[in-house]
Amino acid sequence: LMLFSGESSEHDVSIMSARNVYEAIDTMKFNVLLGYIDTAGQWYVLREFDEYRTLDAARQLLPKLGSAGFMGGDEAIHPDVLLPILHGKNGEDGSVQGLAQLLHIPIVGCDMTSSAAGMDKVIAKRIAASVGVPVVPYRVYRRGDEAPTYGTLRTELGDVLFVKPSRAGSSVGVSKVRSRDELARALDLALESDETVLIERALDVRELEVAALGNPPACQISVVGEILPGEEFYSYDDKYSSASSSSVQLPADLPVKISEHIRGAARTIYTELGCRGLARIDFFLTDTGEVYFNEINTLPGFTNISMYPKLWQQAGISYSDLITRLVETALEPHE
């Protein structure tokens, strides 16, 4: 059962990813059922992909906890595995993964705990730092706290800052800040997406990404890819707009020593977070060779321009074979 869309601000991105996956999946191996989640959080079983545009209330998909199945209208549905093509809150934050656990159905990707930890940028940074992977200096602001002043942050972190919701993806709610007024607007924008805000030093860096595939310890780590943003930073529009001028370089032009260091750090973070199946781990590289962990995405995008499938295509794994591998990893028994 492939689940897509959902309540988050990344609803439309999920549809783009899901369409690609649905068209590429090996139908000789899998009988694919479609589960659409609308912006209100209601679930539907579809007969064909574009049926999400004209929903039939009689086809609502209702979970039957503990029974390894759902009711889809009058039909009982017992999928062997759930394939979430979801992004953002109530998708990759552990909520759907927790539901799969209660349903007793295997799910592609990370479990509830590692999904929740990976979705939270603050928690992920703290875990990375605890295992010796450096992170960019930052400060945390939570709704209800006394708002930090730009002067204080400037002294602690530098003249230019990035302000981000701690639990949002696709650069939603992210701002670059250079003044007091910009800071106030950025905090308000970030709080629209989450109760916790990450404020970090803005550095002049290269943006590097690594893909992980499989279940530790037998997981594969891809080569390092580089994002070449078309805008001042890799924003939502720069990621998904048809007019985007961003590009990727595969593999990134890096010294072997730095590339292997980044791949090793990616494996460490993937393992320490307890990840399974897949993730994309993102890093920053400064002009002086310092490597910083940025974030981990436990359900990376599968759009036409998404880095995760591109990294595995670079390794000779086709889009269709990658989906097959992901489903197979979900069905592997836990040690």
Side-chain angles (χ1 to χ4, degrees), residues 1-65 67-92 95-97 99-100 103-109 169-170 239-242 277-278 298-306 308-310 312-313 317-331:
L1 175 64
M2 187 175 82
L3 300 171
F4 68 102
S5 294
E7 299 177 68
S8 84
S9 57
E10 297 170 81
H11 179 95
D12 292 339
V13 178
S14 174
I15 292 175
M16 288 190 285
S17 289
R19 189 182 296 278
N20 284 356
V21 171
Y22 186 59
E23 291 175 353
I25 197 165
D26 188 344
T27 54
M28 299 296 290
K29 292 182 179 179
F30 306 114
N31 175 28
V32 184
L33 300 173
L34 294 168
Y36 171 75
I37 306 172
D38 70 13
T39 54
Q42 296 189 72
W43 294 33
Y44 298 85
V45 60
L46 308 182
R47 298 179 185 87
E48 56 185 42
F49 192 90
D50 284 314
E51 195 180 26
Y52 76 85
R53 302 178 192 275
T54 55
L55 296 172
D56 180 355
R59 301 283 291 175
Q60 278 198 286
L61 191 61
L62 304 175
K64 296 181 67 180
L65 299 182
S67 69
F70 299 83
M71 288 301 298
D74 296 328
E75 180 186 1
I77 297 172
H78 293 279
D80 295 309
V81 62
L82 301 181
L83 174 58
I85 310 298
L86 299 166
H87 305 304
K89 290 183 179 180
N90 296 335
E92 60 182 304
S95 52
V96 171
Q97 293 73 17
L99 176 60
L103 284 167
H104 303 171
I105 302 175
I107 187 167
V108 170
S170 293
K239 289 177 179 178
Y240 302 116
S241 169
S242 59
L278 76 163
T298 56
L299 279 180
F302 276 81
T303 69
N304 291 330
I305 61 172
S306 293
Y308 186 85
K310 285 180 180 292
W312 291 119
Q313 287 165 6
I317 302 175
S318 71
Y319 202 109
S320 180
D321 288 344
L322 176 59
I323 297 164
T324 297
R325 290 274 295 273
L326 290 172
V327 173
E328 289 172 348
T329 61
L331 295 172

Q) Do you know which two heavy atoms are closest between Glu92 and Thr298, and how far apart they sit? A) O-OG1, 3.7 Å
Q) Is there a side-chain contact (heavy atoms from CB on, under 4.5 Å) between Leu322 and Phe302 once you walk through the steps? A) CA-CA 11 Å; Leu322 176 59; Phe302 276 81; 3.9 Å; yes
**Q.** Considering all heavy atoms, the nearest His11-Gly6 contact
**A.** ND1-O, 2.6 Å
Q) For Glu328, which residues count as a salt bridge (Lys or Arg N to Asp or Glu O under 4.0 Å) partner, sequence neighbours excluded? A) none
Q | OH-CG distance between Tyr22 and Leu46, expressed to the nearest 0.5 angstrom | A | 9.0 Å
(Q) Considering only residues two or more places apart or on different chains, which pairs with a residue in residues 26-35 satisfy salt bridge (Lys or Arg N to Asp or Glu O under 4.0 Å)? (A) none
Q. Who pairs with Lys310 by salt bridge (Lys or Arg N to Asp or Glu O under 4.0 Å), at least two apart in sequence or on another chain?
A. none
Q. Do Thr303 and Ser306 meet the criterion of a side-chain donor-acceptor pair at a distance under 3.5 Å?
A. yes
Q. How far does CG of Asn20 sit from CD1 of Ile25, to the nearest 0.5 angstrom?
A. 12.5 Å
Q: Mind checking the CG-CH2 spacing from Leu99 to Trp43? Nearest 0.5 Å is all I need.
A: 5.0 Å
Q | Near-ring test Tyr44/Tyr52, centroid separation under 6.0 angstrom | A | no
Q | Nearest heavy atoms of Ser17 and Tyr319, plus distance in Å | A | O-OH, 4.2 Å
What side-chain donor-acceptor pairs closer than 3.5 Å can you find for residues 54-61, not counting sequence neighbours?
| unit_1 | atom_1 | unit_2 | atom_2 | d |
| --- | --- | --- | --- | --- |
| Asp56 | OD1 | Ala58 | N | 2.9 |
| Gln60 | NE2 | Gln42 | OE1 | 2.6 |

(Q) Tell me every residue that passes salt bridge (Lys or Arg N to Asp or Glu O under 4.0 Å) with Arg19, counting only those two or more places apart in sequence or in another chain. (A) Asp50
Q: Identify the heavy atoms of Gly109 and Leu278 that sit nearest to each other, and give their distance.
A: CA-CD2, 3.7 Å
Q. Sequence neighbours excluded, which residues qualify as side chain to side chain contact (heavy atoms under 4.5 Å, CB included) partners of Ala76?
A. Met71, His78
Q. Within a strict 4.5 Å, meaning less than it, do heavy atoms of the Ile323 and Phe30 side chains meet?
A. no
Q. Which atom pair, heavy atoms only, marks the closest approach of Ile37 to Ser5?
A. O-CB, 3.2 Å
Q. What closest approach, in Å, do Ser8 and His87 show between heavy atoms, and which atom pair accounts for it?
A. OG-O, 2.7 Å
